[in-house]
Amino acid sequence: RGVPTQVDPETGSYATSVDDRNHFRSTASHNVVTVDGRSSSTEAGPFQWESIAKARVEGWAATPLVDYFEGSHNGYHVLPDPVTVRRAVLFVHGRYWVVRDEIEANGEHEIMVSFQAAEGITIEATPTGGMVCQRDGVPILAVFDVISPENSTVTVEAGRVAPMYGRVVDAPVLRYRARIRGSAEFLTLLVPGDGAGLSVRDLGQGVLEVDGPLGRDLVRLGRQGPWE
């Protein structure tokens, strides 16, 4: 059986304070991109929304070796400088995930990419420059920042999740932040275990090299279709 590592925070409770209710509905509490500290959908009360981001699927493929998804949403088109957020995920079966976040903008924006951990998970830096999620001292998932803006930072912060309705517990959240001007890209590699023996290089021109104990892959970061 698998061990939960990155999770949805769930609801918490409907019968709680407005701040707590909004916390669990906020974009920043989920494993996604937040722009300028705002949620992509705007609350209008405990059970209502003022605006709801519209998402669309832009690519999908499932093969015996890999699964691929690409989608975007318009939740930040309401900003004075409209921003489109696009995410693509490549799962190489039994080996790793590549998560690519593209932010399309013209002006300056504060960007945050969050990875909310599950209850009982701790997050620590690895000797190879990544971050590792552990349970009871056992490495479960390694997270590597492969591509990000030059001024990006990484922090581990206090978060909250609700493993079941009405039960709220503390759980760490890994966050990558950067101030950007114009469009930008974050590319994250997630590997089961501690990622030992794995090396990742951006070869340029949209090609990523992933080299590890199970072999060497060249991943071409394409658009509107699966990566090669």
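Excluded from the calculations below are hydrogen atoms, water molecules and symmetry mates; all remaining heavy atoms, backbone and side chain alike, are included.
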Can you get from M112 to V35 by hopping between Ile, Leu, Val, Met, Phe, Trp and Tyr side chains that sit under 4.5 Å apart? no

Do Y176 and L141 share a hydrophobic cluster (ILVMFWY, side-chain heavy atoms under 4.5 Å, transitive)? yes

d(R95 CZ, L190 CG) to nearest 0.5 Å is 15.0 Å

What distance separates I121 CD1 from C133 SG, expressed to the nearest 0.5 Å? 6.0 Å

Taking side chain to side chain contact (heavy atoms under 4.5 Å, CB included) as the definition, give me every residue that meets it alongside T155, ordered by chain and number, with sequence neighbours left out. E157, R175, R177

Determine whether V154 and L174 satisfy the following criterion, side chain to side chain contact (heavy atoms under 4.5 Å, CB included), listing intermediate values before the conclusion. CA-CA 7 Å; V154 57; L174 179 64; 3.5 Å; yes

Besides V169, the hydrophobic cluster formed by Ile, Leu, Val, Met, Phe, Trp and Tyr side chains linked at under 4.5 Å, directly or via other members, contains V7, V161

State plainly whether one hydrophobic cluster holds both I103 and F115, where clusters connect Ile, Leu, Val, Met, Phe, Trp and Tyr through side-chain heavy atoms under 4.5 angstrom apart. yes

Check: P172 main-chain N/O paired with Q116 side-chain donor or acceptor under 3.5 Å: yes

Note: with side-chain heavy atoms under 4.5 Å as the link, the other cluster members for I52 come out as W49

Members other than M164 in its cluster, when Ile, Leu, Val, Met, Phe, Trp, Tyr link by side-chain heavy atoms under 4.5 Å? none

Between V99 and R87, does a side chain to side chain contact (heavy atoms under 4.5 Å, CB included) hold up when you go through it step by step? CA-CA 7 Å; V99 180; R87 169 166 285 186; 3.6 Å; yes

Can you pull the salt bridge (charged side-chain N to carboxylate O under 4.0 Å, His left out) pairs that have at least one residue in residues 142-152, sequence neighbours excluded? none

So which atom in A142 and which in F144 form the shortest heavy-atom distance, rounded to 0.1 Å? CB-CE1, 3.7 Å

ring-ring contact (aromatic ring centres under 6.0 Å, His included) involving F91 - partner list, sequence neighbours excluded: H93, W97

Please answer whether the main-chain N or O of A105 pairs with a side-chain N or O of S183 as donor and acceptor at a distance below 3.5 Å. yes

F24 side chain near S29 side chain, heavy-atom distance below 4.5 Å: no

Kindly give the heavy-atom pair with the smallest separation between A196 and P213, and that separation in Å. O-CG, 4.2 Å

Audit row: D217, Y96, side chain to side chain contact (heavy atoms under 4.5 Å, CB included) steps and yes/no: CA-CA 11 Å; D217 295 335; Y96 55 81; 2.6 Å; yes

If the condition is side chain to side chain contact (heavy atoms under 4.5 Å, CB included), which residues does A125 pass it with, not counting sequence neighbours? M131

What residues, two or more places apart in sequence or in another chain, satisfy side chain to side chain contact (heavy atoms under 4.5 Å, CB included) together with A178? P149, N151, S152, I180, F186

Any side-chain heavy-atom pair from V132 and I123 closer than 4.5 angstrom? no

So, using side chain to side chain contact (heavy atoms under 4.5 Å, CB included) as the criterion, who are the partners of R201 when residues are at least two apart? L203, E209

Answer yes or no: is there a side-chain heavy-atom contact under 4.5 Å between V143 and T188? yes

Check whether any side-chain heavy atom of R100 lies under 4.5 Å from a side-chain heavy atom of E102, and answer yes or no. yes

State whether a side-chain donor-acceptor pair under 3.5 Å links E58 with S72. yes

For H109, all residues meeting ring-ring contact (aromatic ring centres under 6.0 Å, His included), sequence neighbours excluded: none

Taking Y68 for its side chain and T63 for its backbone only, find out whether a donor-acceptor pair lies under 3.5 Å. no

Got V219 and V207 here, is their nearest side-chain heavy-atom distance under 4.5 Å? no

Tell me, with the steps shown, if Q134 and I140 meet side chain to side chain contact (heavy atoms under 4.5 Å, CB included). CA-CA 5 Å; Q134 304 179 79; I140 305 297; 5.6 Å; no

First locate atom CZ of R38, then atom OH of Y76, and finally report the distance between them rounded to the nearest 0.5 Å. 8.0 Å

Using atom types as modelled and distance alone, determine if a side-chain donor or acceptor of H30 lies under 3.5 Å from a backbone N or O of V32. no

Would you say D67's side chain and A62's backbone share a donor-acceptor pair under 3.5 angstrom? no

Contacts of E50 that satisfy salt bridge (charged side-chain N to carboxylate O under 4.0 Å, His left out) - sequence neighbours left out: none

Among L189, L187, V98, I147, whose side-chain contact (heavy atoms from CB on, under 4.5 Å) with V200 holds? L189

In this structure, CD of E43 is separated from OG of S26 (nearest 0.5 Å) by 7.5 Å

Are V113 and V173 joined in one hydrophobic group, where the rule is that I, L, V, M, F, W and Y side chains link up if heavy atoms are under 4.5 Å apart? no

Please evaluate residues S40 and T27 with respect to the criterion side chain to side chain donor-acceptor pair (under 3.5 Å), reporting the C-alpha separation (whole Å), side-chain torsions for both, the decisive distance (0.1 Å), and the verdict. CA-CA 6 Å; S40 56; T27 299; 3.3 Å; yes

Just jot down the salt bridge (charged side-chain N to carboxylate O under 4.0 Å, His left out) partners of R181, sequence neighbours excluded, or say none. E108

Check whether any side-chain heavy atom of L208 sits under 4.5 Å from a side-chain heavy atom of L218, and report yes or no. no

A171 to A118 - nearest heavy-atom pair and separation: CB-O, 3.7 Å

Look up atom OG1 in T126 and atom CG in D194, then write down how far apart they are to the nearest 0.5 Å. 8.0 Å

Please assess E119 against R135 for the test salt bridge (Lys or Arg N to Asp or Glu O under 4.0 Å), listing each intermediate value before the final yes or no. CA-CA 9 Å; E119 177 187 15; R135 182 183 292 275; over 6 Å; no

Backbone of G107 reached by a side-chain donor or acceptor of D81 within 3.5 Å: yes

